[in-house]
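One structure below.
Labels below follow one simple rule: chain letters A, B, ... track the order of the sequence lines, proteins then strands, and each chain is numbered from 1. Scope of the values below: all heavy atoms of this structure, side chains included, with no hydrogens, waters or symmetry mates.
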Number of protein chains: 2
Amino acid sequence: MAKKQSIVPAPKRSPRRSVLSDEIYEMIKAMIFEHEIAPGSRVNIDALAVELEVSQTPVREALARLESDGLIAKEPLKGYTATNLLSMEEFNDLFQFRLLIEPWAAEQAARKIDSTGKTALKGEMQSAKAALKFKVDDQFQALTEHDARFHTLIAHISGSNSVASAFERTHCHLHLFRLYMANKLHLIESESRTQFVQELFEQYYHSGSGQLAIKEHDEIAKAILDQNPKTARSTMHAHIESSLKRFAPSAKEVNK
Amino acid sequence: MAKKQSIVPAPKRSPRRSVLSDEIYEMIKAMIFEHEIAPGSRVNIDALAVELEVSQTPVREALARLESDGLIAKEPLKGYTATNLLSMEEFNDLFQFRLLIEPWAAEQAARKIDSTGKTALKGEMQSAKAALKFKVDDQFQALTEHDARFHTLIAHISGSNSVASAFERTHCHLHLFRLYMANKLHLIESESRTQFVQELFEQYYHSGSGQLAIKEHDEIAKAILDQNPKTARSTMHAHIESSLKRFAPSAKEVNK
DNA sequence: GATTAAGTTTTCCTATAGGATTTCAGAGAC
DNA sequence: GTCTCTGAAATCCTATAGGAAAACTTAATC
C-alpha cells in the first residue's frame with residue numbers, strides 16, 4: 001500500500017554500531033574544533049538536533065558532557081554557549097599546568113616504559129615525519145594531531161592514570177587549534193586578542209616551527225626510549241617552554 | 001470554576017530557582033557519596049527517575065556528567081554502573097598526583113594571596129575547630145568536608161584555574177569517604193581490599209588523626225597567610241605524605 | 001548434555017506536547 | 001525624545017508514551 005511508503009522518513013540509519021549519544025558528542029566536539037560552531041556563539045539544542053538528524057535526547061547528553069569538559073558553558077534557562085577562545089592569561093595558565101605535570105610524566109615514562117610502549121612511541125615518531133610532508137594548509141592540523149597523540153602517549157606510558165586524564169581533560173590541543181583556525185578565518189575581533197593570535201600565527205607559520213617541534217619530540221622520545229629519566233624531564237620541560245615561546249613570545253613575562 | 005482545580009497535578013514545584021538537572025546531578029553524587037548507590041552496582045535510569053520523582057531527561061544529563069567525572073561508568077547498550085572503590089594502586093596514584101600539584105598550589109597561594117583570600121582561609125580554619133567537637137560518628141564526615149574545602153580553597157587561591165579544576169575533578173575526598181563508609185558498613189568482600197581499608201580505618205580512627213590533620217592544616221595556613229612560599233610548599237608536601245601514611249601505612253612502598 | 005531457537009527484559013532512542021523563563025518590540029506616559 | 005510597562009515570540013526545560021535493537025533467559029530439539 002502507499003501508506004507504508006509515507007511512514008518511512010529516514011531509512012539510512014539502520015545498522016548502527018556504537019551508541020548514538022557518543023557519536024553526537026564526537027560530532028559536536030569536531031564542530032567546535034573546526035569552528036563550525038564559533039567561539040562564544042549560542043548553541044541551540046533544537047537546531048543542532050535537526051541538523052544532525054537526531055532527537056534532542058542524545059544532543060542533551062552530549063552537551064552535558066561537553067560542559068563537564070569545559071568546552072561549552074551552560075547558562076540556566078538561557079542555553080548553551082561555546083566557550084570563548086583562550087585569553088592570554090588562560091593560555092599562560094594552561095602552559096604553566098603542563099609544565100607542572102608533563103616533565104614529571106616524561107620522567108616517569110622513562111622509568112616505566114616497556115616494549116609495548118617503545119613500539120608505540122617509535123610508531124608515533126614515524127607518523128610525525130609523515131606529517132611534515134603535508135602542504136602548509138594541512139600541515140598545522142596534522143602536526144597538532146601528532147602533538148596531541150605524542151603528549152597523550154607519554155602521559156599514559158608514565159603509568160599514572162590521574163596525570164593522563166588530567167592532561168587529556170585540559171584539551172590543550174583543541175584550544176590551540178581553535179586559536180589557529182580563528183586567526184586563519186579572520187574571525188577575531190577583540191583588539192588585544194587579535195594581536196596575540198596574530199603573533200602566534202606568524203611565529204608558528206613562518207619560522208619552520210613544525211620541524212623544530214618534531215626535533216624536540218625526537219629528543220624527548222630518545223631520552224624515554226633510552227630510559228634516561230632526568231634527560232626526559234629536562235627535554236620535556238624545554239619543549240613546553242619552547243612551544244610557549246613559539247606560540248606567544250610576549251606571553252612569557254606574565255608569569256614571573 | 002471546578003475545572004481549573006483538577007488541572008493542577010503537582011502544585012509543590014512552582015518556585016524553582018536552579019535547573020533540575022543540576023539538582024539531580026548533586027543528588028546522585030550524594031547517593032554515591034553515602035553508599036545509597038553501592039560501588040559496582042548497576043544504575044538503572046528508569047528506577048532512578050521514579051525514585052527522584054523526575055523524568056528520565058534530567059537523570060540522563062546528570063549521568064552523562066557523572067560519567068565524565070569518572071564517578072560512574074557507561075557500558076554501551078548495557079547501562080550505567082557505579083565505579084568501584086579505589087584499589088590500592090589507584091589510591092597511591094591519586095596521592096602521587098596530589099603530591100605533584102598541591103605543594104605547587106600552596107607555594108603559589110602564598111605568593112598571590114590577597115585580603116579576600118586571607119579572610120576565607122581564616123574562616124575555614126575556624127570551621128575546622130568546630131568539626132573536632134562532633135561525636136566520632138559524625139566527626140569523620142565533618143573533617144572530610146573541611147579537608148575538601150581547605151584543599152580546594154588553596155587551589156583557588158593559587159590563581160591557577162587549571163590546577164584548581166584538575167584537583168576538583170579528582171574527587172579525592174569523595175573517594176576517601178566512600179572507602180571509609182564501605183568499611184563502616186562492612187560492605188567490602190574482596191580480601192586484599194578488606195585489609196587495606198581496615199588499616200585505613202583503624203589508623204585514622206584510633207589515633208586522633210583528626211587533630212593531627214588539623215594541626216598540619218594550621219601550619220599550611222600559617223605559611224600561606226605569612227606569604228612564605230617555601231614553607232607553604234614543604235608543609236603541604238609533608239601533609240599529603242602524612243595523610244597517605246595515615247590512611248595506608250603499607251602503601252608507601254609501592255611508589256619508590 | 002550441548003546447541004539452537006524463541007521469547008522476555010532491558011536499554012536506548014524518538015516524538016511530541018506543554019509549562020516556565022527570558023528577551024524583544026511596541027504602545028503609552030512623562 | 002526618553003523611559004516604563006505590557007504582551008508576544010523564542011528558547012529552554014520537563015513529562016510521558018512508545019518503538020527498535022541488543023542482551024539475557026528459557027525451552028525445545030538433537
Side-chain angles (χ1 to χ4, degrees), chain A residues 3-28 31 37-38 40-68 71-83, chain B residues 3-28 37-38 40-68 72-83:
Chain A
K3 215 176 181 181
K4 193 155 194 180
Q5 291 170 358
S6 67
I7 293 174
V8 184
K12 62 181 175 182
R13 61 170 117 86
S14 23
R16 193 191 309 130
R17 282 293 108 213
S18 76
V19 177
L20 188 57
S21 67
D22 290 347
E23 288 177 34
I24 300 299
Y25 170 80
E26 294 299 337
M27 287 169 89
I28 299 177
M31 289 169 78
I37 296 174
S41 66
R42 297 286 290 276
V43 178
N44 186 301
I45 296 177
D46 284 317
L48 212 50
V50 171
E51 187 182 341
L52 299 176
E53 293 182 304
V54 295
S55 76
Q56 286 193 8
T57 311
V59 174
R60 288 179 170 283
E61 281 188 44
L63 291 176
R65 287 173 56 191
L66 286 164
E67 195 214 356
S68 185
L71 263 30
I72 58 176
K74 174 177 157 184
E75 288 175 271
L77 304 177
K78 294 188 80 176
Y80 288 98
T81 311
T83 52
Chain B
K3 216 175 182 181
K4 194 155 193 178
Q5 292 171 358
S6 67
I7 292 175
V8 184
K12 60 180 176 183
R13 61 170 115 87
S14 24
R16 191 189 311 131
R17 282 294 110 214
S18 75
V19 178
L20 188 56
S21 65
D22 290 347
E23 288 177 35
I24 300 300
Y25 170 80
E26 293 298 338
M27 287 169 88
I28 299 177
I37 296 174
S41 66
R42 298 286 290 275
V43 179
N44 187 301
I45 296 178
D46 284 316
L48 213 48
V50 171
E51 187 182 344
L52 299 177
E53 293 181 307
V54 294
S55 74
Q56 284 194 9
T57 312
V59 175
R60 286 177 172 284
E61 283 189 40
L63 290 176
R65 287 174 58 191
L66 286 165
E67 196 215 354
S68 186
I72 57 177
K74 174 177 158 185
E75 289 175 271
L77 304 176
K78 294 189 78 176
Y80 288 99
T81 311
T83 54

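- Every side chain to side chain donor-acceptor pair (under 3.5 Å) that Asp46(B) has, sequence neighbours left out, goes to Gln56(B).
- The interatomic distance linking Glu61(B) (CD) with dC13(D) (P) rounds to 7 Å, in whole Å.
- Residue Ser55(B) has no polar side-chain atom (N or O) positioned under 4.0 Å from OP1 or OP2 of dT14(D).
- The CG-P distance, from Leu20(A) to dA20(D), rounds to 16 Å in whole Å.
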Atom pairs, N/O to N/O, protein against nucleotides 9-11 of chain C, distance under 3.5 Å?
residue : atom : partner  : partner atom : Å
dT11(C) : OP1  : Arg42(B) : NH2          : 3.0
dT11(C) : OP2  : Asn44(B) : ND2          : 2.6

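- The nearest whole Å value for the distance from the CD atom in Glu53(B) to the C1' atom in dT14(D) is 15 Å.
- The side chain to side chain contact (heavy atoms under 4.5 Å, CB included) search around Glu51(B) returns Met31(B), Glu36(B), Leu48(B), not counting sequence neighbours.
- In this structure, Glu67(A) places its CD atom 14 Å from C1' of dC12(D), rounding to the nearest Å.
- In plain terms, the two heavy atoms of Ser68(A) and Ser68(B) that are nearest each other are OG-OG, 3.2 Å.
- Between the CG atom of Leu48(B) and the P atom of dA15(D) there is a distance of 13 Å, rounded to whole Å.
- Listed by first then second residue, pairs satisfying salt bridge (Lys or Arg N to Asp or Glu O under 4.0 Å) with a partner in residues 54-67 of chain A read Asp22(A)-Arg65(A), Arg60(A)-Glu61(B), Glu61(A)-Arg60(B), not counting sequence neighbours.
- Thr57(B) is linked by a side chain to side chain donor-acceptor pair (under 3.5 Å) to nothing, counting only residues two or more places apart in sequence or in another chain.
- Following rounding to the nearest Å, Asp22(B) (CG) and dC13(D) (C1') show an atom-to-atom distance of 12 Å.
- Of the candidates dC13(D), dT14(D), dT14(C), dC13(D) carries the atom nearest the Lys74(A) side chain, counting heavy atoms from C-beta on.
- In this structure, the side chain to side chain contact (heavy atoms under 4.5 Å, CB included) partners of Thr83(A), at least two apart in sequence or on a different chain, are Arg178(A).
- Atom CD1 in Ile72(A) sits roughly 14 Å away from atom C1' in dC12(D) (whole-Å rounding).
- Per the geometry, OH belonging to Tyr25(B) stands 21 Å off C1' belonging to dT14(D), to the nearest Å.
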